[in-house]
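Taking it in order: structure first as structure tokens, then the write-up.
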There are 2 protein chains.
Amino acid sequence: MAEKTTSTVPKGQKSQFAVPYYEISYDKFFQFGVSVDCVVFGYHENRLKILLIKRGAAPFMGMWALPGDLVYPNENIDVAAQRILRDLTGIDNLFMEQTKVYGQVDRHPAGRVITTGYYSLIDIAKHDPHASAWADGVYWMDLNEVPKLAFDHSDILKDALQILQQRVRHQPVGFELLPEKFALADLQALYEAILNESYDKANFRKRILSMNLLISLKENQKDVPHRPARLYKFDKQRYDELIAKGFSFEL
Amino acid sequence: MAEKTTSTVPKGQKSQFAVPYYEISYDKFFQFGVSVDCVVFGYHENRLKILLIKRGAAPFMGMWALPGDLVYPNENIDVAAQRILRDLTGIDNLFMEQTKVYGQVDRHPAGRVITTGYYSLIDIAKHDPHASAWADGVYWMDLNEVPKLAFDHSDILKDALQILQQRVRHQPVGFELLPEKFALADLQALYEAILNESYDKANFRKRILSMNLLISLKENQKDVPHRPARLYKFDKQRYDELIAKGFSFEL
DNA sequence: CCAAAAGTGTTCATTCTACACCCATGG
DNA sequence: CCATGGGTGTAGAATGAACACTTTTGG
């Protein structure tokens with residue numbers, strides 16, 4: 001920012017270099033609000049879910065929205081995103097990644113607020129308790145049943161889903177949605193839910209196992225009315241090694 | 001932004017819902033500056049280049065930096081990015097895409113400024129004139145020779161390059177860097193420059209041609225001291241059709 | 001013994017890789 | 001006629017898709 005040495009500027013507005021540098025802070029340029037909005041994906045009973053809140057204040061009171069908040073002037077935006085999810089779920093250091101910035105002038109009725117989308121993946125069974133215990137305004141909504149959301153949150157959700165689908169095909173990102181120990185069929189069902197496709201069981205497991213990213217545990221499912229499946233866990237260490245070598249996971 | 005109904009907030013700071021909604025605009029939350037920074041890739045003589053400016057004002061005066069500017073309070077951020085490149089190159093509607101948001105508290109010495117990175121691809125031969133004629137502060141720098149940049153611009157550049165490499169492998173994005181008519185060997189050299197790899201000539205052309213994204217012109221290179229190559233152009237229409245059908249280009 | 005889902009093996013088609021070879025032009 | 005890079009064909013390897021089959025559990 002403020003890097004240009006010359007510039008054409010919109011009529012009636014002076015460039016930031018028309019005034020001494022140290023006055024910039026008090027300038028009309030510093031009037032933006034900054035927020036983050038979180039698209040939290042969960043997975044339960046073969047369905048993709050998303051964490052929504054019911055707004056209890058204007059604007060858009062009573063409408064569904066993504067959890068989000070304004071960023072404090074002395075707060076990094078990544079930290080703000082973590083803070084919001086900590087408030088909702090009680091968990092720190094959740095996997096989170098930026099999606100996009102939304103900078104339309106009129107996107108917030110209260111003033112100029114630009115927001116950054118984040119998406120996150122969590123295992124509902126493990127992390128849900130705090131969220132559902134917290135206020136009456138937080139719910140896991142089936143992705144297929146999400147109504148129109150407040151602000152431009154429908155767009156933010158749409159973009160986040162697309163990015164998730166893209167990620168999941170090229171990086172083993174989906175594991176955060178599963179319990180630590182899982183069967184290959186669970187993983188397959190997860191991929192099918194996210195990508196809206198179906199895969200051949202034999203070929204799916206061959207592909208996944210050939211990547212050597214799963215550690216076969218010496219443990220099986222219990223109390224299932226059929227042959228119990230072998231459980232696996234994700235080998236994070238091996239993944240990091242492969243990534244460091246420029247490996248790209250392709251589904 | 002301002003979506004939560006309850007929240008724990010940093011000590012000593014009140015949530016935006018502790019005050020009536022309509023007062024938010026005058027709140028301490030609205031003190032951010034917002035900027036955009038552009039990573040403009042060009043391509044010339046088998047080398048990837050990037051457009052840099054030499055800063056003529058504090059802070060970081062005299063250092064190399066990405067072209068960027070503060071966003072006006074009434075300006076969409078995408079529009080701001082286009083404006084900056086229009087100033088530099090005289091071209092409107094350049095291909096541009098967001099990379100990431102940079103929201104570290106201390107990233108700008110003049111105050112709290114968050115910035116959004118954009119990358120853009122342009123054909124130097126076609127679009128350069130304005131840039132090089134414009135002031136003495138704008139240069140095409142070989143990507144391998146870029147020094148440490150002002151602010152966190154080195155990070156922004158690094159991320160943008162990574163995103164470009166990712167894009168180029170999955171979408172035919174690189175064409176913007178070439179003249180409208182090009183030979184297959186030019187395209188191959190471009191991919192090799194961006195991805196730092198080399199490909200078998202025969203296999204590369206088979207792969208590219210099998211996608212049916214190139215239109216073979218009835219025209220060859222001229223004045224080359226060897227068999228002149230057939231020229232092609234990118235079939236944008238066909239590309240849009242394929243994308244609409246969920247096609248994904250894989251290199 | 002049956003149902004249900006886990007888990008494996010095989011075949012055939014397709015794609016990828018490496019490499020050899022021919023072609024057209026300027027000098 | 002040579003050097004240079006354009007352009008093509010092919011054999012063998014590797015991968016992928018489809019599908020049949022075996023295994024292990026609970027009821």
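Side chains are part of it too, since the values below use all heavy atoms of this structure and drop only hydrogens, waters and symmetry mates.
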Which residues satisfy the ring pair (Phe, Tyr, Trp, His ring centres under 6.0 Å) test with [X], sequence neighbours excluded?
X: F182(A); answer: F175(A)
X: H170(A); answer: H170(B)
X: F41(A); answer: none

Output all residues satisfying side-chain hydrogen bond (donor to acceptor under 3.5 Å, both in side chains) with [X], sequence neighbours left out; order by chain, then residue number.
X: K158(A); result: none
X: R230(A); result: S216(A), N220(A)
X: D235(A); result: none

Next on the checklist: Please encode protein proximity along nucleotides 11-22 of chain C as a string of B, S and -, counting only heavy-atom distances under 4.0 Å.
Outcome noted: ------BBB---

Checklist entry - Can you list the residues that meet the side chain to side chain contact (heavy atoms under 4.5 Å, CB included) rule with R47(A), with sequence neighbours excluded? => result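 Residues passing side chain to side chain contact (heavy atoms under 4.5 Å, CB included) with R47(A): K49(A), D142(A), N144(A).
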
Checklist entry - Closer to the 5' end of DNA chain C via nearest nucleotide, is it Y232(A) or P225(B)? => result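 Looking at the nearest nucleotide for each, Y232(A) comes out on the 5' side.
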
Checklist entry - Which of residues 209-220 of chain B sit near DNA chain D, with a heavy atom under 4.0 Å from it? => result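 When residues 209-220 of chain B is checked for heavy atoms under 4.0 Å from DNA chain D, there are no hits whatsoever.
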
Checklist entry - Quick one: CG on D152(A) to CG on L157(A), what's the gap to the nearest 0.5 Å? => result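 Between atom CG of D152(A) and atom CG of L157(A) there are 11.5 Å.
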
Next on the checklist: Less than 4.5 Å apart, side chain to side chain, heavy atoms only: is that true for V173(A) and E97(A)?
Outcome noted: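 No, too far: nothing below the 4.5 Å cut-off.
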
Checklist entry - Hey, does the side chain of R230(A) come within less than 4.0 Å of dG7(C)'s phosphate (OP1/OP2), counting only N and O? => result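 False: R230(A) side-chain N/O out of range (4.0 Å or more) of dG7(C) OP1/OP2.
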
Item to check | Earlier contact from the 5' end, DNA chain D, for D186(B) and D223(A) | outcome: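 Nearest-nucleotide comparison on DNA chain D picks D186(B).
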
In whole angstroms, how far is the [atom2] atom of [N] from the [atom1] atom of [X]?
X: Q221(B); N: dA24(C); atom1: CD; atom2: C1'; result: 12 Å
X: I208(A); N: dG7(C); atom1: CD1; atom2: P; result: 14 Å
X: K222(A); N: dA5(C); atom1: NZ; atom2: C1'; result: 18 Å

Checklist entry - Where does the chain A footprint on DNA chain D start and end, counting 5' to 3' with a 4.0 Å heavy-atom cut-off? => result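 The footprint of chain A covers dA17(D) to dG26(D).
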
Item to check | Listed once per pair and sorted, the salt bridge (Lys or Arg N to Asp or Glu O under 4.0 Å) pairs that draw on residues 196-216 of chain A, sequence neighbours left out | outcome: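 Salt bridge (Lys or Arg N to Asp or Glu O under 4.0 Å) check on residues 196-216 of chain A returns no pairs.
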
Item to check | Pairs touching residues 177-192 of chain B that satisfy salt bridge (Lys or Arg N to Asp or Glu O under 4.0 Å), sequence neighbours left out | outcome: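 Sorted pair list: K181(B)-E219(B).
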
Checklist entry - A185(A) near the nucleic acid: base, sugar-phosphate alone, or nothing, with a heavy-atom cut-off under 4.0 Å? => result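 Counting heavy atoms under 4.0 Å across all strands, the contact made by A185(A) is with sugar-phosphate only.
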
